[in-house]
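Structure first, then comments.
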2 protein chains.
Amino acid sequence: MLDERSRQVLRAVVQSYINKLEPVGSRFVTKEYALGCSPATIRNIMADLEDLGFLSQPHTSAGRVPTDKGYRFYVNFLGDAGEYGEQDAELKDCVCRFTRRLEGIGSDLNGMFVEVTNALSSMSNYIGVVMPPRPESTTFNRIDFIRYKADKVVAVLLTDEGVIKNKMLSVDAAFTQEDLNRIAAYLNSEYSGRTIDEIKSMLIKKMRQEKAAWDKLITRAIKIYEEATSFAEEDFFVSGLYDVMGLPDFSDMSRIREISRAIKDKHAILKLIEELSGVSGVQVVIGNENPVEELKGLSVVASTYKEGERPMGVIALIGPTRMDYSKAIYMVDAISKCISRTFEQRTEVV
Amino acid sequence: MLDERSRQVLRAVVQSYINKLEPVGSRFVTKEYALGCSPATIRNIMADLEDLGFLSQPHTSAGRVPTDKGYRFYVNFLGDAGEYGEQDAELKDCVCRFTRRLEGIGSDLNGMFVEVTNALSSMSNYIGVVMPPRPESTTFNRIDFIRYKADKVVAVLLTDEGVIKNKMLSVDAAFTQEDLNRIAAYLNSEYSGRTIDEIKSMLIKKMRQEKAAWDKLITRAIKIYEEATSFAEEDFFVSGLYDVMGLPDFSDMSRIREISRAIKDKHAILKLIEELSGVSGVQVVIGNENPVEELKGLSVVASTYKEGERPMGVIALIGPTRMDYSKAIYMVDAISKCISRTFEQRTEVV
DNA sequence: ATTAGCACTCTCATGTCGAGAGTGCTAATC
DNA sequence: GATTAGCACTCTCGACATGAGAGTGCTAAT
C-alpha cells in the first residue's frame with residue numbers, strides 16, 4: 001500500500017507530533033530520524049502522503065499534522081504496541097506493580113474498579129473508564145433483605161463477581177423480618193448461579209404461567225426482587241478529567257467543557273463503549289470515526305475483560321486524537337488481561 | 001461606620017459587579033442607581049471607599065472592583081438575603097419545589113445527598129458540596145454480616161439517619177453464617193441507638209477491662225466491627241464543577257485546574273468545611289479569608305443541618321469571590337433547613 | 001531519483017496609533 | 001461647605017503595519 005520509506009516518514013510524523021504537539025516539518029524529520037535523505041525528498045513524500053489523505057497542513061506553510069486516516073494507518077500497521085513495554089521501562093514497571101496489587105485486592109470489585117480507573121488515568125494522563133459487568137453477564141450470588149424502620153427494607157445484592165449493590169426500598173409495612181428472610185431464602189436457593197437478567201425474565205415468565213394459583217410469598221418475592229434490581233442508571237467508573245485538562249490539546253476551555261458534559265450525562269460514553277464491548281482484543285476508535293457526536297475529536301482505546309470466555313465489561317482510555325496510541329494500547333491491553341486473570345483466580349479458588 | 005450614601009454606592013458597585021463582572025465606573029452608577037447625584041460625586045465617594053479598602057482599581061483608569069473587605073461588608077451589612085426569595089420568584093419556586101421533593105425521598109440518605117448536591121449546583125451554577133453526617137454524630141441502627149464465599153464477609157451498616165455503608169471484609173475462614181449472626185445480634189442488641197464513635201471507644205474499653213476473661217465471640221465481634229466501620233476516607237458529595245467552568249470568572253484554565261485538584265484530593269475542602277461545621281446559621285468565607293491555601297480566591301457559603309439540636313453535617317456552595325452572595329445564602333439557608341426538617345419528620349414517624 | 005537553491009506564503013511577536021472609558025483635580029456653583 | 005462641570009491625564013484595547021522565522025513548492029542541476 002505504501003512503500004517502506006513513506007511508511008517511515010508517516011511513522012516519524014505521527015510519533016513526533018504525538019510527542020511535541022507541533023506540526024512537523026521536513027527538516028525536522030531528516031534531523032531526528034535518520035532516513036538517509038534530504039529535506040527536499042521528505043517534502044516530496046509528505047506531499048504524496050497529503051494527497052493520499054494521511055497528512056494535512058494547518059496552513060500553507062506549517063509542518064504536517066496527521067489526519068485521522070493517518071493515525072489509523074499508524075495504529076493498524078506502524079504501531080509497535082506489542083513491544084511498547086520494552087521501550088518505556090518505567091511504565092512497564094508501573095503496570096507490573098499495579099497488576100500485582102490488583103491481584104491482592106480480591107473480591108471487592110467496586111474497590112478494584114476504582115483502583116483501575118485511577119491507575120489508567122494517572123499513568124496515562126488520559127481519561128480512564130471502567131464499565132462494570134453488565135447485568136446480563138453478572139451472576140446472582142445471593143440477595144438479602146434487612147428490615148429497617150417501619151416501611152423500609154434494605155436490599156443487598158451480591159454477585160459471584162463480587163459486586164455489591166444495595167438499595168433502600170419502600171415496601172408496604174406488612175413485611176416482618178421473617179417474611180423477608182423467607183423471600184430471600186427462596187430467591188437464593190432457587191436462582192443462585194444464574195445471571196441477573198435471566199432471573200428477571202424467568203420470574204416474569206413464572207408469574208404469567210401460573211398466575212392465579214400462585215403463592216402470595218412468591219408474588220411478593222418477584223415484586224421485591226424487581227424493585228431491588230432496577231438500579232437507576234447503569235453506572236461506570238471515570239477518572240482523570242482533571243489530568244486531561246493539563247494536556248496542551250485542551251488549552252481552550254470549550255473543548256473541556258464539552259467533554260465534561262459528555263461524561264456527566266454518561267449517555268454518549270455508554271453508547272460507544274457498548275458498541276465496542278464483546279469484541280476481543282484492543283479496539284481503537286480515532287477522532288471522527290467516533291459514531292457518537294459528543295465524542296468526535298476524541299479517541300478511545302478500549303478492551304473487554306472476560307471471565308474465561310465470557311465477556312464481562314470494558315475498560316477504556318479516552319484522550320485527544322493526538323494520543324499516544326502505542327502507550328494507550330499497551331496499558332489497556334495489559335490491565336484488561338490482568339482483570340481477566342483475577343477473575344480466573346477467583347473462580348479457581350471457589 | 002459608613003454614611004448612608006457611601007453604603008448605597010458600595011452596594012451598587014458590588015451588585016453590578018456581581019452581575020456584569022466588569023469594573024464599574026462612576027457614570028454607570030449614576031445611571032443605573034438613582035442616587036441623586038452626579039458622577040463626580042460618586043467618584044469622590046468611590047475614592048474614599050478605596051482609601052478605606054472596600055474597593056480597588058484593576059488599573060489606574062478602569063472602574064472600581066470590590067475587595068474581599070468590600071464583599072464582607074456587603075454580606076454583613078448590605079445584603080438582603082432574607083428577602084432574596086421575594087425578588088427572584090423563579091428561584092424561590094425552584095427551591096420550594098425541590099424541598100417538597102426532598103421530603104418525599106424518605107430514608108434513602110445517600111440518594112438524598114446526591115439530589116441535594118445536584119440541586120445546589122444546578123440552581124446556582126456554583127459548586128455544590130454536601131458533607132454527610134460525621135461518624136461521631138451518626139447513630140448506629142444495626143449491622144449485618146453476610147457470608148460470601150470462603151473467607152469473605154460483607155458487612156452492611158445502617159444508621160438511624162439512613163446512611164447505608166457496606167464493605168467487603170476478609171476474615172479467617174472459621175466463621176459460619178451462624179457465628180456472624182450471633183455477632184451481629186450481639187452488636188445490635190447491645191449498641192443500637194449509640195453513635196458509631198461511642199461504640200468504638202466503648203468496645204475498646206471493654207476489651208481492655210476484661211481482657212483475658214472474655215468471650216471469644218465478643219473479641220471477634222470487636223475486631224470485625226472495627227474493620228467494618230473503618231471506612232477508608234471520609235467522603236462527601238460534590239457536583240457542579242462542569243457548570244462552574246461556564247462562568248466567565250474561570251475563563252482561564254489554570255484556575256479551573258487548581259479547583260479541580262482541590263476537589264479531587266478533597267482534603268482542603270474537608271478541612272475548611274470542618275472548621276465551619278457546628279456553628280448555626282449561614283457561614284460565609286470570602287476569597288482570601290479562606291484559611292485553606294488551595295481555596296484562596298474562592299468563596300464558600302455554608303450551613304450546618306441538624307437533627308433537632310444536634311449538628312449533623314454541612315452543605316455548602318463554592319464559587320468565585322464574585323459570587324451572588326444573596327442568592328447563595330438564600331439557597332443554602334433554605335435547603336439546609338429543609339434537610340433538618342426531613343430529619344425531624346423521620347424521627348417523629350419512628 | 002535525488003537534491004540544492006530560491007521565491008513564496010503564512011504565522012507570530014512586536015510596535016505604533018487612535019479611540020474609548022474612567023479617573024483626579026481644579027474651579028465654579030448652589 | 002458640599003456638589004458639580006470641565007478638562008487633562010492615564011490606561012486598555014483593537015487595528016494595522018512590520019520583520020523575523022519556519023516551511024513549503026518548484027525548478028534546475030546532479
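Predicted model, so just to flag it, every value in this text is computed and none were measured. In the text below, chain A, chain B and the rest are named by the order of the sequence lines, each starting its count at 1.
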Residue pairs fulfilling ring-ring contact (aromatic ring centres under 6.0 Å, His included) with at least one residue in residues 250-271 of chain B, sequence neighbours excluded: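 Passing the test, one end in residues 250-271 of chain B: no pairs.
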Only counting residues at least two apart or in another chain, list the ones meeting salt bridge (charged side-chain N to carboxylate O under 4.0 Å, His left out) with [X].
X	answer
Asp243(A)	Lys264(B)
Arg11(A)	none
Glu294(A)	none
Asp249(B)	Arg322(B)

Length of the NE2-P vector between His59(B) and dG20(C), whole Å: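 After rounding, the gap between these two atoms is 16 Å.
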ring-ring contact (aromatic ring centres under 6.0 Å, His included) partners of Phe237(B), counting only residues at least two apart: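 For Phe237(B) the ring-ring contact (aromatic ring centres under 6.0 Å, His included) partners, ignoring immediate neighbours, are Phe113(B).
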With sequence neighbours excluded, residues passing ring-ring contact (aromatic ring centres under 6.0 Å, His included) with Phe77(B):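 Residues passing ring-ring contact (aromatic ring centres under 6.0 Å, His included) with Phe77(B): Phe73(B).
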Selection residues 37-57 of chain A - residue pairs positive for salt bridge (charged side-chain N to carboxylate O under 4.0 Å, His left out), sequence neighbours left out: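 Matches after skipping sequence neighbours: Glu50(A)-Arg64(A).
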DNA chain D contacts made by residues 7-15 of chain A, counting heavy atoms under 4.0 Å: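 When residues 7-15 of chain A is checked for heavy atoms under 4.0 Å from DNA chain D, there are no hits whatsoever.
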Main-chain N/O of Cys37(A) paired with Thr41(A) side-chain donor or acceptor, under 3.5 Å: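 The answer is no, because no donor-acceptor pair under 3.5 Å joins these two groups.
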Contact under 4.0 Å: Ser38(A) side-chain N or O vs dT2(C) OP1/OP2: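 Result: no.
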Taking distance alone, no hydrogens or angles, what donor-acceptor pairs closer than 3.5 Å link side-chain atoms of residues 13-22 of chain B to residues at least two apart or in another chain?
residue, atom, partner, partner atom, Å
Gln15(B), NE2, Tyr74(B), OH, 3.2
Ser16(B), OG, Ala12(B), O, 3.2
Asn19(B), ND2, Gln15(B), O, 3.3

Between the protein and nucleotides 20-29 of chain D, list the N/O to N/O atom pairs that are separated by less than 3.5 angstrom.
residue, atom, partner, partner atom, Å
dG23(D), N3, Ser61(A), OG, 2.9
dT24(D), OP1, Ser26(A), N, 3.3
dT24(D), OP2, Ser26(A), N, 3.3
dT24(D), OP2, Ser26(A), OG, 2.6
dG25(D), OP1, Arg64(A), NH2, 2.9
dG25(D), N7, Arg43(A), NE, 3.3
dG25(D), O6, Arg43(A), NH2, 3.3

Pair assignment for DNA chain D - dot-bracket with | for other-strand partners, Watson-Crick or G-U under 3.5 Å: ||||||||||||||||||||||||||||||
